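Let me give you the structure first, and then I'll get to my questions.
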Amino acid sequence: MHGMPDPKEQLERIRRRTEAIIPEEELLHKLERSCRTGEPLRVKLGIDPTAPDIHLGFSVVLQKLRDFQDMGHVAVLIVGDFTARIGDPSGRKTTRPMLSPEEIERNLQTYKEQIFRILDPDPAKVEIRHNSEWLASMTFEGVLELSSRYTVARMLERDDFHQRFHEGVPITIREFLYPLAQAYDSVAVRADVELGGTDQRFNLLVGREIQERYGQEPQVAVLLPLLVGTDGVKKMSKSEGNYVGITEPPQEMFGKLMSIPDSLIEQYVRLLTDLDWEALNKEHPLTQKKRMAFEIVKRYHGEEAAARAQEEFERVFSKRERPTDVPRVEIPSAKLEDGSLWIVELLEAARLVQSRSEARRLIQQGAVELDGQRVESVEARVAVRDGMLLKVGKKRFAEIVLRGDGA
RNA sequence: GGAGGGGUACCCAAGCGGCCAACGGGGCCUGGCUGUAAACCAGGUGGCACUGCCUUCGGGGGUUCGAAUCCCUCCCCCUCCA
């Protein structure tokens, strides 16, 4: 393995945007040895097969894994198909849905398509494993073996377990098994490093100890900051609906990024772009946000698409003009009476509302516009013309296309 | 094994025979102000051509003129003691 950068330089690069490296000296040793022997480090990252959409929060971790790859190391992706059955108690969320092997495989395909927009697909630098490979076949004896290598007291050190224990909130034995199973993954793939968000700190540290108990050199935990979601409060996650997916269309991405609270701009710029925050910080927040959104869209869709997304955003929201791409909705002319239609029915036919009651409410609230003209009355009948623009709220648009009877 | 507390709309949570399509908060939607930010103000947040009707309060059955509210039964969750 030649062309591998100097270990100190590597460490420097790994440190960027990283929350913690535990312990840092060990990582340096591993890097030095790797450089000497030409043996790449095995860098483990667990992926959750229940949520195949990759969002910007996870991209921070993936980007770091990419850094490792670029320095010549191997990404070892662990599909947590078996651990998904246990359900990670981190953050004490309710249990996740059980997935069939087929669903998991389907998700993995989606995952791969997305993951390689960030990772290097070079087969020499990626290894994808399912943890059912070694966990599903583990005997009860194996489980005893594994579980005898960790103590209840150590388990209870974990913040959420600790809290639950003291509040009298039940903790099942099964939940104790989760960190152990994840830790065993590290043994199975002989991980040198494991990546994760800061919420994974405990799990990754258990991995270290378990590896040691199985006679392996412990992995180094590299923790990355958790990105706050577009709501500005909770960490970005699919289930909270506060995420930006890396495969979302440019327009959507740009819009979502513009809607984050100002207080998040710095974090997004630092974690998701290579922009110089110190310089950017002198600008107006709106400018900062646009630059940030532009950079991110550019990363996933290219410069041209990013520029178009920005123009479009400015046209629709700043200048309140008509978007370039408005969904077209066919209205059979048979529905019309003397060329006109009840506004509520029109909204329904255009699928801009979910029910007529909703349509009525929105009209009453002044949210409905026809060709830029606010609809004042719920009872209104409107003359429908081909190419008419229907608008509900700030972002729901539809263009009416009249369809003749004969067609 | 014993004792007790619960299951209400997207979430939390009131209501405990009619005034309940169900208080309040969060979230979300809409309007205003704006920079599609935040903050703030106002309204909305089952369905239906709608001064009314229909479907909702874990499932099923019953009492009653009338039930989210009372009774029976089933399912599920939780706490404490052993």
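Numbers restart at 1 for each chain; the letters A, B, ... are given by sequence-line order, proteins then strands. If you're wondering where the values come from, they're calculated on a predicted model, not measured in any experiment. Just the heavy atoms: all of them, side chains too, but no hydrogens, waters or symmetry mates, feed the values below.
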Legend entry - Lys/Arg-Asp/Glu bridge criterion (N-O < 4.0 Å) met for A/Lys335, A/Glu348: no
Legend entry - Base B/U34 paired with A/Arg320 side chain (donor-acceptor, <3.5 Å):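 Present.
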Legend entry - Presence of donor-acceptor pair under 3.5 Å, side chain of A/Asp262 and base of B/G35: yes
Legend entry - Nearest to side-chain heavy atoms of A/Lys289, which nucleotide of B/A37, B/G31, B/A49: B/A37
Legend entry - Pairing partner (Watson-Crick or G-U wobble, both distances under 3.5 angstrom) of B/A42: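 Paired with B/U30.
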Legend entry - A/Arg208 (side chain) donor-acceptor with A/Gln219 (main chain) under 3.5 angstrom: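 Yes.
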Inset, instruction - Quickly work out the A/Phe254 CZ to B/G35 C1' distance and round it to whole Å. - result: 12 Å
Inset, instruction - Could you check how far CD of A/Gln364 sits from C1' of B/U45, rounded to whole Å? - result: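 To the nearest whole Å, that distance equals 13 Å.
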Legend entry - Under 4.0 angstrom between A/Ser259 side-chain N/O and B/A37 OP1 or OP2: no
Legend entry - The single option from A/Glu369, A/Arg322, A/Gln373 passing side chain to side chain contact (heavy atoms under 4.5 Å, CB included) against A/Leu389: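 Among A/Glu369, A/Arg322, A/Gln373, the one that satisfies the side chain to side chain contact (heavy atoms under 4.5 Å, CB included) with A/Leu389 is A/Arg322.
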Legend entry - Watson-Crick or G-U wobble partner of B/G17, both distances under 3.5 Å: none
Inset, instruction - Using whole Å, report how far CD1 of A/Ile363 lies from P of B/G31. - result: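 Going from A/Ile363 (CD1) to B/G31 (P), I get 13 Å.
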Legend entry - Whole-Å gap separating C1' (B/C29) and CD (A/Gln365): 7 Å
Legend entry - Sidechain N-carboxylate O distance under 4.0 Å for A/Arg299, A/Asp274: yes
Legend entry - Assigned partner base of B/A22, Watson-Crick or wobble definition, under 3.5 Å: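 Because no pair has both required distances under 3.5 Å, B/A22 counts as unpaired.
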Legend entry - Closest to the A/Ser357 side chain, choosing from B/U30, B/C48, B/A49: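 Closest of the options to the side chain of A/Ser357: B/C48.
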Inset, instruction - Kindly say if A/Ser355 contacts the phosphate of B/G47, meaning a side-chain N or O under 4.0 Å from OP1 or OP2. - result: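 Result: yes.
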Inset, instruction - Using the P atom on both, measure B/U8 against B/A14 and round to a whole Å. - result: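 About 11 Å, rounded to a whole number of Å.
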Legend entry - Base partner of B/U79, which must satisfy Watson-Crick or wobble distances under 3.5 Å: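 Its partner is B/A3 (Watson-Crick or G-U wobble, both distances under 3.5 Å).
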Inset, instruction - Ignoring backbone atoms, test whether A/Arg361 places a side-chain nitrogen or oxygen under 4.0 Å from the OP1 or OP2 oxygen of B/G46. - result: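 Indeed not, no polar side-chain atom of A/Arg361 lies that close.
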Legend entry - side-chain N/O A/Arg356 vs B/A49 OP1/OP2, d < 4.0 Å: yes
Legend entry - Under 3.5 Å side-chain donor-acceptor pair for A/Glu314 and A/Gln310: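 Looking only at side-chain atoms, A/Gln310 and A/Glu314 do form a donor-acceptor pair, the distance falling under 3.5 Å.
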Inset, instruction - In whole angstrom, give the distance that lies between atom CD of A/Glu337 and atom C1' of B/A49. - result: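 Computing the A/Glu337:CD to B/A49:C1' distance gives 13 Å.
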Inset, instruction - Select one nucleotide: of B/G35, B/A49, B/U30, the one nearest the side-chain heavy atoms of A/Leu362. - result: B/U30
Legend entry - Candidates B/G35, B/G31, B/U30 - which lies nearest the side chain of A/Arg396: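 Shortest atom-to-atom distance from the side chain points to B/U30.
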Legend entry - A/Ile260 versus A/Leu257, closest heavy-atom pair with distance: CG1-O, 3.2 Å
Inset, instruction - Verify the contact: side-chain N or O of A/Lys290 to OP1 or OP2 of B/G35, cut-off strictly under 4.0 Å; return yes or no. - result: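 A/Lys290 to B/G35 OP1/OP2: no side-chain N or O under 4.0 Å.
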Inset, instruction - Could you check whether A/Gly255 gets within reach of a base, just the sugar-phosphate, or nothing at all, counting any heavy atom under 4.0 Å? - result: base
Inset, instruction - Can you tell me the distance, in whole Å, between the CZ atom of A/Phe317 and the C1' atom of B/A37? - result: 14 Å
